[in-house]
Amino acid sequence: YPKSAAMPFPEISGHDKYLWMVFEVGYGPLTISDIRIGETNIDDFGDVQYEVREGLPGDAALTLYTRDVIEEALSILVANSAGWLTQTTALETDEISIDVSALSGFGRFDSQGNLKPEIVYIRVQYAPTGTGSWVDMPNGDTETGTVIDATNTNPVHIYTNTGGLFEDDMLTFQDVAGMTELNSGTYQAVNVTSGGFDLLGVDGTAFGTFLPGNALWVRQQGIFIQARTTSVLRRSKSWAVSRGQYDVRLKRMDNDETAANIQDKIHWTALRSFKNAPPVLATERALIAVRIKANEKLNGILEELNCLAQAKYMVYDGATWSLEASNSPSWAYVDTFAGSWRNKPLALTRADAAAFKIWADNCAAAGREFNFVLNDDRTIFEMLQVIAMAGRASYGTKDDLYSIVEDKPQSVIVQHFTPMNSWDFEGERSFYTIPHALKIEFLNKDKNFLPDTRIVYDDGYSEANATEFEGLQWEGIVDPEQV
């Protein structure tokens, strides 16, 4: 279960919500496979993209998740009575993104209980922090047309760049050709009948008579919502800015509705600050970037994302060293003091290469592997001891080289103790109760790497006569046959 390596954030695309995340699997290089969310393979989820970086030197940058992001989760009711609502982005922001949501559905119920569309317009402005030099968001929504329809009684709002409002129960929206764009200003409709209306500016300027089939195109500087739904409704807007810190403010331009049959409350739910910089600054890290469509089960951080990872180590073949995927205790041991992930790795010339090659061959013949995820702080020597134990060996040195001592019968004497090389020699021997069996705890690969216990009996003992037990936690071993 890799940890999050960058700030996860949601993206609203139409009516759908997507989750963006980056996970760090560990120090590279790692071979990554069998990526799952819970017990389900990630490829079995609909509408998912992901990419993997093994953590090799010179790995290409991520292309799916390319920028650093800071998200501030909000829950601010955007009400006309509250006026302007202001929040501030992070420093060094290159793009601003906001989310607004109708958390309890959106629409109005008619006298027959039918859900009809409701309309809300939220104006969005931004300014360099502390300057008060407010400008409208550059890519606001656009109404697609307004025509007279005497048979339609749904109210409609016409807004202009400065927030001017015209409302009449006889107007509705419809896509038509030849739309007329309005400039900034406040407008009013006069002589409204079932056959049309005249549109005037506040200074009396006439914009013409609009008949059935004619249309107005009113450019919005914010978020225009016209919808009906009993589910959560979300809208998102993003726009690029010159790098800096900005104040962002929202205001509901139409009146707050209080009628019981209308549900149009909008909350400001997120402010994101994007910076055009790599989301993960550390190098030689194995990463998984994911973009996945959210649903009822996937609606936050993918804490259940997991994968299989196999380390790539420098392996000695008797003549040269080469990078290979391996789970041999021997090459994991060498990587612990000579791996590139260390701040100051030792040179491979400090390794007793011939001894490690023999140990690797013996481990392979006996089916001994080392499979371990390091999630806590340990010294290099502590890790060498853990790895050596998995390969039935212990830490050793030879001729000023890092080496090992295998737990096996030795045919060659390596040290003599005589009166010529020792003096004041003392010995001590402890007598203790030898357990009849060991209860060994380990992560069982046959049970999806869940904790398991295996009882190993000493010679002459079994379940029938063993009474003395001792517990042992064996790290790095996941195969029951290796316990």
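Hydrogens, waters and symmetry mates play no part in the numbers below; they use all other heavy atoms, side chains included. What you see is a predicted model; the values in this text were computed from it and never measured.
When atom types are taken as modelled, the side chain of Thr131 and the backbone of Ala127 share no donor-acceptor pair closer than 3.5 angstrom.
With salt bridges taken as basic N to acidic carboxylate O contacts below 4.0 Å, one links Arg272 and Asp99. A salt bridge does not link Glu441 to Lys439: none of the charged nitrogens lies less than 4.0 Å from a carboxylate oxygen. Between Lys447 and Asp452, at least one side-chain N (NZ, or NE/NH1/NH2) sits under 4.0 Å from a carboxylate O, which counts as a salt bridge. Salt-bridge formation is detected for the pair Glu475/Arg378: a Lys NZ or Arg NE/NH1/NH2 atom is positioned less than 4.0 Å from an Asp or Glu carboxylate oxygen. Between Lys275 and Glu95 there is no salt bridge, since no side-chain N of the basic residue sits under 4.0 Å from a carboxylate O of the acidic one.
For Tyr461, the OH atom sits in a loose shell: 12 or fewer heavy atoms of surrounding residues, nucleotides or ligands are nearer than 6.0 Å. The number of heavy atoms from other shown groups lying within 6.0 Å of CG (Asp400) does not exceed 12. Atom CG of Leu450 sits in a crowded spot, with more than 12 heavy atoms from other residues, nucleotides or ligands closer than 6.0 Å.
Side chains of Glu257 and Gln263 form no contact here, defined as non-hydrogen atoms less than 4.5 Å apart.
Below 30°, between 30° and 60°, or above 60°: for Tyr333 and Phe337 the angle between ring planes is above 60°, a perpendicular geometry.
Side-chain contact annotation: Asp43 with Tyr50, donor-acceptor N/O pair under 3.5 Å present. Between the side chains of Gln125 and Asp247, no donor-acceptor pair of N or O atoms lies under 3.5 Å. For Glu11 and Trp20, the side-chain atoms include at least one donor-acceptor pair closer than 3.5 Å.
Looking at every heavy atom in both residues, Tyr313 comes nearest to Ser326 through CE1-O, 3.3 Å.
Tyr402 does not carry Arg350 over the face of its six-membered ring by the limits of under 6.0 Å from the centre and within 45° of the normal.
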